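Each residue takes its place number in the sequence, starting with 1. The figures here come from the full heavy-atom set of this structure, side chains too, leaving out hydrogens, waters and symmetry mates. Note that the structure is predicted; figures quoted are calculated from it, not measured.
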Amino acid sequence: MANHFIFLCLAALTCSLAFAFEPSPLQDFCVADPSSSARVNGLVCKDPKLAQANDFFFSGLHVTGNTSNPVGSKVTPVTAAQIAGLNTLGISMVRLDYAPWGINPPHTHPRATEILTVLEGSLHVGFVTSNPDNRLISKVLQKGDVFVFPVGLVHFQRNVGYGNAVAIAALSSQNPGVITIANAVFGSNPPIAAEVLTKAFQVDKSVVDWVQSKF
């Protein structure tokens with residue numbers, strides 16, 4: 001019952017945030033038509049008369065994510081790609097699983113504000129303000145705590161407990177996007193020139209080469 005209440009609160013707040021960043025719908029709904037080859041800012045709508053309950057349904061957020069990876073976390077998304085009926089509604093959500101001491105690495109959502117609720121465990125979370133201050137705003141969250149990451153700002157989460165941690169987050173876009181900083185900077189294809197990165201990070205080329213080799 002408590003989790004249902006949390007979900008309802010997240011949905012209500014996310015709806016109010018969403019309309020500030022994405023156009024308001026012009027019809028009751030716009031169920032995405034994945035078979036269409038048309039290119040639009042979003043997804044093409046199928047005939048509303050063909051809409052079914054399953055177009056607005058997703059099952060799987062109760063399933064524990066596999067955290068057996070180098071960062072020790074798993075994100076299970078529920079965007080318009082998973083629920084066709086989310087198209088044009090300006091919201092999405094994710095489940096986040098963390099192994100003990102696992103992290104969700106520093107990243108940004110270029111199109112969405114995120115509001116996160118801890119369901120199990122303890123998380124150290126934070127975001128960094130924009131230039132020139134680059135101020136870290138962070139806090140340790142416990143079960144039931146809520147934290148907001150403003151749109152576009154670099155943020156992270158880290159499990160600071162000895163057991164697994166779980167969180168649910170809502171985002172103010174049907175397609176918030178994710179830019180993981182380390183992957184983007186050191187794992188781009190083709191690679192960013194080492195000369196650029198050595199000056200940006202003020203390190204030797206050997207260090208840049210070593211980090212790039214990890215991605």
Side-chain angles (χ1 to χ4, degrees), residues 3 6-7 9-11 13-15 17-18 21-22 32 34 43 57-87 89-128 138-161 163-189 214-215:
N3 286 352
I6 291 171
F7 288 147
C9 291
L10 287 173
L13 181 55
T14 304
C15 284
L17 291 169
F21 296 100
E22 295 189 356
L43 299 167
F57 171 79
F58 174 86
S59 178
L61 286 191
H62 63 292
V63 178
T64 302
N66 183 1
T67 59
S68 299
N69 54 63
V71 296
S73 69
K74 171 65 176 178
V75 178
T76 303
V78 185
T79 69
Q82 287 76 39
I83 300 182
L86 272 181
N87 190 36
L89 297 185
I91 60 172
S92 58
M93 66 189 311
V94 296
R95 171 182 170 133
L96 302 108
D97 288 275
Y98 312 83
W101 310 107
I103 66 167
N104 188 9
H107 62 281
T108 72
H109 301 294
R111 295 178 289 276
T113 290
E114 175 181 350
I115 181 168
L116 176 144
T117 301
V118 179
L119 299 184
E120 296 292 342
S122 302
L123 294 178
H124 174 218
V125 306
F127 64 86
V128 180
S138 66
K139 189 173 180 63
V140 174
L141 306 182
Q142 308 297 336
K143 181 176 180 178
D145 290 345
V146 178
F147 199 83
V148 172
F149 305 106
V151 59
L153 297 186
V154 175
H155 59 282
F156 66 89
Q157 302 103 39
R158 179 180 182 235
N159 182 0
V160 291
N164 294 332
V166 182
I168 290 286
L171 301 109
S172 59
S173 172
Q174 71 176 50
N175 183 25
V178 181
I179 302 172
T180 304
I181 307 305
N183 298 58
V185 173
F186 294 103
S188 66
N189 185 21
K214 301 297 181 181
F215 294 90

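The two residues M93 and I168 make their nearest non-hydrogen contact at CE-CG2, 3.5 Å. A pairwise comparison of heavy atoms in S172 and A112 identifies OG-CA, 3.6 Å as the closest pair. Counting all heavy atoms, side chain and backbone alike, Y98 lies closest to S73 at CD2-CB, 4.1 Å. A pairwise comparison of heavy atoms in T180 and P105 identifies CG2-CB, 4.1 Å as the closest pair. Summarising the geometry of P77 relative to V94, their closest heavy-atom pair is CA-CG1, 3.7 Å, with the distance given to 0.1 Å. Nearest heavy atom pair, residue H155 against residue T108, reads CE1-CA, 4.2 Å.
Here OG1 of T67 is found 12.5 Å from CD1 of I103. Values are rounded to the nearest 0.5 Å. The CG atom of L171 sits 10.0 Å away from atom CD1 of I115, with the distance rounded to the nearest 0.5 Å. We find the CG-CG distance between N104 and N159 to be 11.5 Å, quoted to the nearest 0.5 Å. I181 contributes atom CD1, which lies 7.0 Å from atom CD1 of I179 (distance to the nearest 0.5 angstrom). In this structure, S92 OG and E114 CD are separated by 9.0 Å, a value rounded to the nearest 0.5 Å. In this structure, CG in L123 is found 11.0 Å from OG1 in T117, a value given to the nearest 0.5 Å.
A heavy-atom distance below 4.5 Å is found between the side chains of L141 and L116. A 4.5 Å side-chain heavy-atom check between V140 and V160 finds at least one atom pair inside the cut-off. In this structure, N164 and D97 have side chains that are not in contact, with every pair of non-hydrogen atoms separated by 4.5 Å or more.
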- request: Begin from the C-alpha positions of L119 and K143 and carry the test side chain to side chain contact (heavy atoms under 4.5 Å, CB included) through to its verdict.
  value: CA-CA 5 Å; L119 299 184; K143 181 176 180 178; 5.9 Å; no

message: If you apply the rule side chain to side chain contact (heavy atoms under 4.5 Å, CB included), what do you find for Q174 with L89, and how did you get there?
response: CA-CA 7 Å; Q174 71 176 50; L89 297 185; 5.9 Å; no

- prompt: Yes or no on side chain to side chain contact (heavy atoms under 4.5 Å, CB included) for K139 and D145, after CA distance, side-chain angles and deciding distance?
  reply: CA-CA 10 Å; K139 189 173 180 63; D145 290 345; 5.8 Å; no

- request: Carefully, step by step, assess F149 and H107 under the rule side chain to side chain contact (heavy atoms under 4.5 Å, CB included).
  value: CA-CA 11 Å; F149 305 106; H107 62 281; over 6 Å; no

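Ring-plane geometry between F147 and F127 is classed as tilted, the angle between the planes lying from 30 to 60 degrees on a 0 to 90 degree scale. In this pair, F215 and F186 present their aromatic rings parallel. The plane angle is below 30°, not in the 30 to 60° band.
Under the 3.5 Å distance criterion, the side-chain polar atoms of T113 are matched with a main-chain donor or acceptor of V151. With N87 contributing its side chain and A80 its backbone, the two residues share no donor-acceptor pair below 3.5 Å. In this structure a side-chain-to-backbone donor-acceptor pair under 3.5 Å is present from H109 to G177. For the pair R95 (side chain) and L61 (backbone), a donor-acceptor distance under 3.5 Å is present.
Between the side chains of Q142 and S122, at least one donor N or O sits under 3.5 Å from an acceptor N or O.
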